[in-house]
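Because only heavy atoms are used, hydrogens play no part in the values below, and waters and symmetry mates are left out as well, while side chains stay in.
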Amino acid sequence: MTAGALQRCIDHLWLIAPQRWTLIGISVVAPVAASTITSFEGGHQIVPVLVLVIALAIGAAFAPESHTALVAEAIVVWQWLASTDDPATPWVVPMALCLFAFHTTIALMAVTPIGARVDRSILIRWLGRSVYVVVATVAMWSIVYVVSDQDLGGNAVVTFAGFVTLSVLVVLVRALRDPTRSTQPPSSAAGDL
């Protein structure tokens, strides 16, 4: 690396908004926490995997538009599948929520410039929608835990009924949350010609 390239990197760091530094922190800590939870559940820490996850998380934080975040998530999921035997372990919930926090933070950073400050109303909407994902994750884990604990056999009719019920609930929540939203497409002036 030449002195000019190093100076450009340092200048680039000064452009980053303080709010972005918080998002960068979340996007580095979240996958590392997911990998650590996985190691705790699996019974041992694989240091090269943790180092790789840290490096990929840092790379994804500074280049969120790249596929580096996807690789980091894939490695943590592979680590989980390779080291965990119990699919209904309660540790899957915090691990999945850490990956969700990582994914949404990277997605938010990918659509905003490094010097931008995201408006509070956008962050509140973003967090509000994230609450639905958290509730659905905990609910799904609860269902899996109950079904695996009861040792129930599979049933396609019950599964289909559950899927339809969940779909109807999602549509109802969306409709009740924003009753002013129109289902009609917006009209354009060009269509009147």
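Remark: Leu70 CG to His103 NE2 distance equals 9.0 Å, nearest 0.5 Å. Expressed to the nearest 0.5 Å, how far OG1 of Thr38 lies from CD1 of Ile46 amounts to 10.0 Å. Between the CD1 atom of Ile54 and the OG atom of Ser35 there is a distance of 8.0 Å, given to the nearest 0.5 Å. Separation of atoms CZ (Arg20) and CZ (Phe62) is listed at 9.0 Å; rounding is to 0.5 Å. Atom OG1 of Thr84 sits about 11.5 Å away from atom CZ of Phe40, to the nearest 0.5 Å. In this structure, OH on Tyr132 lies 14.5 Å from OG1 on Thr137, to the nearest 0.5 angstrom.
A distance-only check finds no donor-acceptor pair linking the side chain of Trp80 to the backbone of Gly42 [under 3.5 Å]. For the pair Thr104 (side chain) and Ala101 (backbone), a donor-acceptor distance under 3.5 Å is present. With hydrogens and angles disregarded, no donor-acceptor distance shorter than 3.5 Å links the side chain of Glu41 to the backbone of Val92.
Contact of the Trp126 side chain with the Leu108 side chain is registered, since non-hydrogen atoms from C-beta on lie closer than 4.5 Å. Between Ser39 and Leu50, every side-chain heavy-atom pair lies at or beyond the 4.5 Å cut-off.
At a threshold of 4.5 Å between side-chain heavy atoms, the hydrophobic network of Ile, Leu, Val, Met, Phe, Trp and Tyr places Phe102 and Val118 in one connected group. Ile75 and Val77 fall within the same hydrophobic cluster, defined by Ile, Leu, Val, Met, Phe, Trp and Tyr side-chain heavy atoms under 4.5 Å apart, directly or through other members. Leu97 and Val29 fall into different hydrophobic clusters, where Ile, Leu, Val, Met, Phe, Trp and Tyr residues are linked whenever their side-chain heavy atoms come under 4.5 Å apart, directly or through other members. Follow the hydrophobic side-chain contacts under 4.5 Å out from Val135 and you never reach Phe100; the two are in separate clusters. Trp21 and Ile58 fall within the same hydrophobic cluster, where Ile, Leu, Val, Met, Phe, Trp and Tyr residues are linked whenever their side-chain heavy atoms come under 4.5 Å apart, directly or through other members.
The environment of Trp78 atom CH2 is sparse: at most 12 non-hydrogen atoms of other residues, nucleotides or ligands sit within 6.0 angstrom.
Across all their heavy atoms, Met109 and Ala61 have their closest contact at CE-O, 3.6 Å. Nearest approach of Thr68 to Ala60, heavy atoms of both residues: CG2-N, 3.8 Å.
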